[in-house]
Each structure stands twice: as structure tokens, then as C-alpha cells.
Amino acid sequence: GAVVSQHPSRVICKSGTSVKIECRSLDFQATTMFWYRQFPKQSLMLMATSNEGSKATYEQGVEKDKFLINHASLTLSTLTVTSAHPEDSSFYICSARDLSEAKNIQYFGAGTRLSVL
Amino acid sequence: GENVEQHPSTLSVQEGDSAVIKCTYSDSASNYFPWYKQELGKRPQLIIDIRSNVGEKKDQRIAVTLNKTAKHFSLHITETQPEDSAVYFCAASEAAAGNKLTFGGGTRVLVKP
């Protein structure tokens, strides 16, 4: 099956710093990638849809200046948490949809656990 | 927007028994319904999916049923095994909404040996 690589898997940072998370589709092209946030024992909440070559579409309540998304190529999307604060600590997961598939299957990365001190 | 409700939130079954998880959705335009399994600290893995033009789909011990009229779909796991223990998420997606997935709240399944 398709593989999505997400890095880093774990980040611990000081309050006020920015953190960049990468999401790569390794063996397929993806014009669309998705970024989710997952709190402990809770569901996946869609933050934004990342579109290759255009601006990301953010869900209601998600600050676009806080969570910067860049989708510069068909295989890479990045999420930057700017000026991170303890309340940003969470598990962030990306997913990508295979262009070549007629199905709407989303393949997930392994997630990034962000801890802001 | 779409809203997906999932029940139960936790499910404990004896090994060998069946497990059933139910989801309802609100948007009648949704046309794709995947189920994901997530083990602790790991990525969600697609286990089965169904499209709105099909009422039922089966893959070995796993089956999914869809009732478009009632806007609900269910996951059935038969002959459960300890390795089935995980959190299961249902989701709904609609092409016109950019194919984004709206997830249910999840069901924590524990299969007791």
C-alpha cells in the first residue's frame, strides 16, 4: 500500500519557538494532503486541507497564521506551528490521497507528538 | 457541515465473540465511508471502506453495512482476537466537500482472552 512519511515523530520545544512538521508521500503523488490534530483518547480533528500549488483551506476555528501550511510539491506538505505555546501540545497527523486512485483513500503518517514546555 | 456520531465509545468482548460499532452521519451527500483502526501511539490504518452505491461489503472477519436512507453504517468484526484490540474510527466523506473526512469519536475495543 501507499506510504506516508511524517517527521519528526516527537518534538519537545520551549514556549515561543516555531516547529516544522513534514509530511511526504513516498511512492505516490498527492495534490491534496490533510492535517489533523488528535488529543489523548479523542478523535481526529481536521485542521486544514493542503493543496499543492495553492493556499491551504482551514477549518473553522483554526488560526491560519498560527498553523502555516505549505504544499510546494506533489509529495511534500509542511505544517509549521508558529510561536508554540503549551496549549499547542498535541498529536499532529497528516494524511495524503493518492492521485492515481479512483478511490478517496487517505493514507496516514505516523504522527508527530508535540510537547511545548 | 458533516457530523458523524459513533457508538459505543468503549466495547469489551470475549475472544471469539462478535463486535459491532455503529455510526450515523448527517449529510446525505456523503458518499464514501471508511473505517480506520488505530493502535496506541500508531497511525490510523484503513481496514475497510464502502461507497454509497453498495449496501454491504465483507473482507474476511470484517464487514461493513450501509443504510443510506437512515444515514447510518456499521462495522462488524466476527471471531474477535486479542489483536483486534484498538480504537476504531468511522468517517464520512463527500467529493464536493473536497473529499475531506469527518471522523466519528472513536470506539475503544478490548478483546479479552
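Numbers restart at 1 for each chain; the letters A, B, ... are given by sequence-line order, proteins then strands. Small disclaimer: the values here were computed from a predicted structure and weren't measured.
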Which region of [X], side chain (C-beta onward) or backbone (N, CA, C, O), has a non-hydrogen atom less than 4.5 Å from a non-hydrogen atom of chain A, or is it both or neither?
X	result
B:Phe103	both
B:Leu101	both
B:Gln38	side chain

Checklist entry - If you measure only the distance, is there a donor-acceptor pair under 3.5 Å linking the side chains of B:Glu94 and B:Tyr25? => result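 Side-chain D/A pair, B:Glu94 to B:Tyr25: absent.
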
Next on the checklist: Do A:Gln106 and A:Ser95 pair up side chain to side chain, a donor and an acceptor below 3.5 Å, judged on atom types alone?
Outcome noted: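 Looking only at side-chain atoms, A:Ser95 and A:Gln106 do form a donor-acceptor pair, the distance falling under 3.5 Å.
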
Contact between [X] and [Y] at the side-chain level, heavy atoms closer than 4.5 Å - yes or no?
X	Y	answer
A:Val4	A:Cys94	yes
A:Trp35	A:Ser77	yes
B:Arg108	B:Leu110	no
B:Ile62	B:Trp35	no

Checklist entry - Which region of A:Gln42, side chain (C-beta onward) or backbone (N, CA, C, O), has a non-hydrogen atom less than 4.5 Å from a non-hydrogen atom of chain B, or is it both or neither? => result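 Backbone of A:Gln42 only, per the 4.5 Å heavy-atom cut-off to chain B.
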
Next on the checklist: What part of A:Leu44 gets within 4.5 angstrom of chain B, counting heavy atoms only: side chain, backbone, both, or neither?
Outcome noted: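 Both backbone and side chain of A:Leu44 come within 4.5 Å of chain B.
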
Checklist entry - Going through the checks in order, is the side-chain contact (heavy atoms from CB on, under 4.5 Å) test met by B:Ile47 and B:Tyr36? => result CA-CA 6 Å; B:Ile47 56 172; B:Tyr36 285 86; over 6 Å; no

Item to check | Short N-O contact, A:Glu22 and A:Arg24, less than 4.0 angstrom | outcome: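 Salt bridge flag = yes for A:Arg24 with A:Glu22.
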
Next on the checklist: Non-hydrogen contacts under 4.5 angstrom with chain B: give the residues of residues 50-60 of chain A involved, or none if there are none.
Outcome noted: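 The list, in residue order, reads A:Glu59.
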
Review item, side-chain donor-acceptor pairs of residues 7-19 of chain A, under 3.5 Å, at least two apart:
| unit_1 | atom_1 | unit_2 | atom_2 | d |
| --- | --- | --- | --- | --- |
| A:His7 | NE2 | A:Ser5 | OG | 3.0 |
| A:Arg10 | NH2 | A:Ser115 | OG | 3.1 |
| A:Ser15 | OG | A:His85 | ND1 | 3.1 |
| A:Thr17 | OG1 | A:Lys14 | O | 2.7 |
| A:Ser18 | OG | A:Ser83 | N | 3.3 |

Checklist entry - With respect to chain A, which residue among B:Gly104, B:Pro44, B:Gly105, B:Pro34 yields the maximal number of heavy-atom pairs within a distance under 4.5 Å? => result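 Most heavy-atom pairs within the cutoff with chain A belong to B:Pro44.
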
